[in-house]
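Read the structure below first, then the notes.
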Amino acid sequence: MKAELAKVYAHADVEQKWYRVWSEAGYFQPFRPEAEPFSMVIPPPNVTGSLHMGHALNNTLQDILCRYKRMDGYNVLWVPGTDHAGIATQNVVERQLAQRGLTRAQLGRERFIEQVWAWRAEAGSAILHQLRALGVSCDWSRERFTMDEKLSRAVREAFVTLWNDGLLYRAQRLINWCPRCKTALADIEVVHEEVDGHLWHLRYPLWDDPQAGVVVATTRPETMLGDTAVAVHPQDERYQRLVGKEVRLPIVGRRIPIIADPFVDRAFGTGALKITPGHDFNDFDIGEKHGLKKISIFDDEARIAPEGFKGEGGESDWLRRYAAKDRFAARELVVQELAAAGLLEKVTPHRHALGRCYRCQTVVEPYLTPQWFVRVKPLAGPAIEAVRDGRIRIVPEGWANSYFAWMGDIKDWCVSRQIWWGHQIPAWYCRGCNAACLAGDAHGAFIPAKAKPVVRHEPPARCPECGGAEFVQDPDVLDTWFSSALWPFSTLGWPEKSADLATFYPTSVLVTGFDILFFWVARMIMMGLKFMGDVPFRTVYIHALVRDQEGQKMSKSKGNVIDPLAVMARYGTDAFRFTLAAMAALGRDIKLAEDRIAGYQSFINKLWNATRFVLMNSGNVERLGDDSLSSLRAEKLNLADRWILSRLARAVRATRGALDSYRFNDMAHELYQFTWHEYCDWYIEMSKLSLSGALGDSAAKTARVLRAVLREIVLLLHPIAPFVTEEIWQALRGEGAEIKDAPSAKASVMVQPYPEEDPGWIDEEAEAKIGFMSEVVRAIRNLRSEIGLPPAAEVKVVLSGSDEELGLLREQEPYLGALARLSAVEYGGEPPKSALTAVVGSTEIYLPLAGTVDLDGEAARLAREVDKIAAELERVRRKLSNREFLAKAKPQVVAKEQEKSQELEEKLTALHRSLEKIRELQAPV
RNA sequence: GGUCGCAUAGCUCAGCUGGUUAGAGCGCUUGCCUCACAUGCAAGAGGCCGUAGGUUCGAGUCCUACUGCGACCACCA
């Protein structure tokens with residue numbers, strides 16, 4: 001036996017020690033090739049990231065599942081890794097360069113990418129080390145990064161296959177452009193936000209009658225420079241005669257037609273709509289329909305670009321005033337000039353949605369550029385089907401609705417990005433064939449959409465068309481989420497037919513937050529079905545967001561961020577994990593307050609002290625032998641033993657049930673309740689009598705029950721609180737125990753079998769008897785506390801009631817005496833002259849006191865109790881006399897009510913007796 | 001504009017398929033350093049389960065409307 005354990009659990013010493021031991025002994029790797037697999041892939045955090053509450057929750061839940069399944073005999077694999085996070089990472093490195101006064105353009109593509117790799121090597125996997133502090137049992141030997149050579153190969157394979165299958169195309173389209181990141185974004189990468197803006201009413205004079213004109217309303221006056229038409233509704237009487245005429249575009253002088261299109265809302269603004277096909281999605285569609293020119297008025301930073309106006313009115317000198325002005329400056333100038341020309345009719349306040357870049361919050365600009373698109377519709381169908389037919393289960397189910405809604409009207413996915421950090425698109429253009437297109441092969445310029453790409457894994461040696469050998473690779477890289485979409489199988493070795501893929505795909509569960517349901521989950525499903533022919537995971541568990549205690553999203557700018565590492569250092573990782581699990585109710589956000597964590601730290605400490613008690617009274621396993629539950633079958637168990645074992649059996653059932661249905665909070669609460677309020681509060685207290693010989697039963701037997709139950713608690717808790725449970729487990733095993741063996745040697749708590757429900761231990765009789773006794777104890781404690789009796793003072797009680805109940809209590813008198821601190825118990829005797837009274841079941845309890853009792857107060861208290869019970873009884877009786885209730889309710893419900901009725905009657909009778917006795921005593925006054 | 005979710009004790013929340021006296025943690029009040037634990041022990045106060053209807057023998061639990069929050073989606077200038 002080692003030196004006595006400290007009174008307070010010192011988490012800091014314990015955590016690092018065990019994590020290293022587990023890791024070195026190979027416990028994190030799959031080690032049961034013959035068993036059923038259970039696999040997960042981590043949602044890869046950004047390499048740039050550092051651990052925040054969202055990661056902590058996400059990975060705690062995953063680890064709970066993994067540890068549970070590992071203990072339960074599965075062949076468990078949890079693949080860790082990181083995401084290269086294209087735009088986000090590039091932004092971080094660019095900021096660092098900026099501090100040294102450098103831009104990426106100055107460095108050039110190659111050197112810039114080198115910089116990113118260097119940065120990643122230095123700080124890149126910090127987050128994975130932070131995750132280790134959480135205790136996650138990932139298989140670090142299989143760590144992956146989306147830019148690994150093998151994963152990059154998977155990306156190329158996927159890209160080429162999609163191209164060959166006609167699911168990928170390149171086209172000149174209006175896309176969302178971030179003028180700060182200078183790249184295209186996918187639709188979902190634009191965050192819409194309502195803002196208070198203005199509606200400017202602009203007058204465009206008619207070409208052949210400048211005195212007349214048409215007034216259009218717009219939120220973006222600066223785009224008028226690119227207008228190529230004005231549209232009105234075909235049935236709009238106000239404008240019908242103008243259709244077919246032309247207007248003179250102010251400032252620019254362009255001659256543009258007035259067209260009719262039913263898209264126009266007659267009720268909005270003036271009913272006349274300026275059409276800017278180059279900078280508005282609706283206008284683009286209308287432009288396509290009517291064959292209008294699309295003028296791109298901006299450069300890639302959303303500044304007025306003269307090149308766009310060639311032959312479109314850019315010849316006159318107005319352009320000199322506008323060239324290189326950014327959007328907002330151009331807007332001011334347009335408004336100012338129109339006002340000066342008397343063409344600004346009015347300005348009204350207008351609330352509308354503004355799209356911003358999800359990475360840098362810059363207002364996005366619809367921008368006409370050649371981009372790569374994935375044709376998503378053919379992929380979405382099977383992905384919807386997989387969820388609909390249950391091959392993939394979404395938990396909680398509610399999220400399936402969002403999934404269907406989004407997948408149902410999904411648009412083609414723009415996957416090209418004009419940044420450098422990422423998987424460069426495996427497409428090459430033959431200089432010979434595309435000579436005209438590639439002429440302006442200047443730095444950063446787009447390769448026109450009409451250029452013909454050769455799409456393949458490796459650079460082509462010869463052009464299949466002309467035999468030329470000179471190529472230029474497409475400069476774009478792929479959307480980060482393109483590689484993320486392959487994660488469940490690329491990490492397992494795809495496109496190779498690897499053993500891991502055969503064993504662990506489809507993965508079992510994906511645990512993630514709802515914020516990336518569309519970004520990631522939906523796309524993994526589509527790609528998994530496309531490339532693997534099977535779903536990427538069988539269950540998706542979607543957890544909530546962690547917010548601060550006011551319900552605000554945690555963010556650095558608000559300064560309300562709680563740092564998980566600081567929390568772990570302060571309260572212990574187990575307490576932190578327990579808190580997260582306890583608060584992870586299905587479908588609700590988590591508002592995290594620090595005192596909750598402190599509360600669960602107390603729980604961990606309570607468990608620790610229960611262990612100290614058990615060890616002090618039992619010694620180690622070598623001395624006592626088998627400490628398994630089943631070994632207790634041979635023991636002569638007393639009522640308390642049977643009770644705790646019965647309660648334990650129920651706790652096991654509840655815990656497993658909760659885990660199997662992803663109800664982590666139920667699991668945590670169940671174990672908290674059982675450990676603290678049943679095992680510690682009652683069983684340990686009762687066991688003290690046996691241990692001291694007061695009951696005449698075996699102290700050694702009691703020690704073994706104490707140990708066996710604690711052992712089960714530790715096993716049940718291990719998935720939530722891995723560190724303290726290992727520390728306790730080893731302490732229970734005794735001196736010399738060390739984990740240095742392979743997992744199969746089962747030295748660690750990590751690989752013990754998870755407790756299984758054994759209905760054989762359920763003991764209704766013991767539960768009823770101890771339950772009754774404990775209620776009596778509580779009632780007596782209540783009476784004692786009412787008169788401020790010191791806990792140390794022992795008193796006598798007189799009990800009066802049915803033979804059956806008194807028998808029960810007599811049987812448990814030692815417990816009664818010890819737990820309620822009684823000097824003596826008298827059964828059925830004449831109640832004392834002056835006493836406090838209470839009723840439990842049909843038993844009257846009298847706590848005699850020498851003349852200090854406030855009889856009036858007591859009478860009033862009892863009268864209140866009588867009223868309450870009487871009212872309750874009345875309700876039950878009414879129910880029971882209702883014929884419809886008797887006819888329609890389930891028999892068990894009726895039986896229950898009848899039982900209740902009887903109990904209430906008995907209690908009421910007893911209460912009346914007590915009350916009468918008090919009244920008798922009052923009478924002489 | 002569309003869709004979805006939430007409103008239960010002072011605070012944060014459980015309450016899964018309708019049927020015990022509606023629970024927990026924290027906080028609060030009172031008394032205790034009782035030989036595992038003061039990160040503790042014991043006792044207690046505190047709730048017309050958002051409002052109004054409806055379904056049902058029976059509703060915190062199902063339906064409808066309303067009110068108040070919140071989230072997601074959306075190209076109406």
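Below, read A as the first sequence line, B as the second, and so on, with proteins coming before strands; counting in each chain starts at 1.
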Notebook entry, point to check: Considering every strand shown, what is the Watson-Crick or G-U wobble mate of B:C57 when both distances are under 3.5 Å?
Noted result: B:G19
Notebook entry, point to check: So, is A:R781 near the phosphate of B:A43, with a side-chain N or O under 4.0 Å from OP1 or OP2?
Noted result: yes
Next item on the list: Examine B:C37: is either OP1 or OP2 under 4.0 Å from a nitrogen or oxygen in the side chain of A:K7? Give yes or no.
Entry: yes
Notebook entry, point to check: Can you tell me the Watson-Crick or wobble partner of B:A24, both distances under 3.5 angstrom?
Noted result: B:U12
Next item on the list: Using only side-chain N and O atoms of A:K688, determine if any of them is under 4.0 Å from OP1 or OP2 of B:A36.
Entry: yes
Notebook entry, point to check: Where each residue is assigned the nucleotide of RNA chain B containing its nearest heavy atom, which of A:E884 and A:G271 is assigned the position nearer the 5′ end?
Noted result: A:E884
Note to self: I'd like to know if the side chain of A:D283 reaches the main chain of A:P277, judged simply by a donor and an acceptor atom lying under 3.5 Å from each other, with no hydrogens or angles considered.
What the structure shows: no
Item checked: Phosphate OP1/OP2 of B:G44 contacted by A:N782 side-chain N/O (<4.0 Å) -> yes
Note to self: When both hydrogen-bonding distances must be under 3.5 Å and the geometry is Watson-Crick or G-U wobble, what is B:C41 paired with, if anything?
What the structure shows: B:G31
Checklist line | Pair partner, B:C69 [Watson-Crick or wobble, under 3.5 Å] | finding: B:G5
Next item on the list: Could you check A:A610 against A:R266 and say which one's nearest nucleotide on RNA chain B is further toward the 5' end?
Entry: A:A610
Check: Within the pair A:H677 and B:G25, is there a side-chain N or O less than 4.0 Å away from OP1 or OP2?
Finding: yes
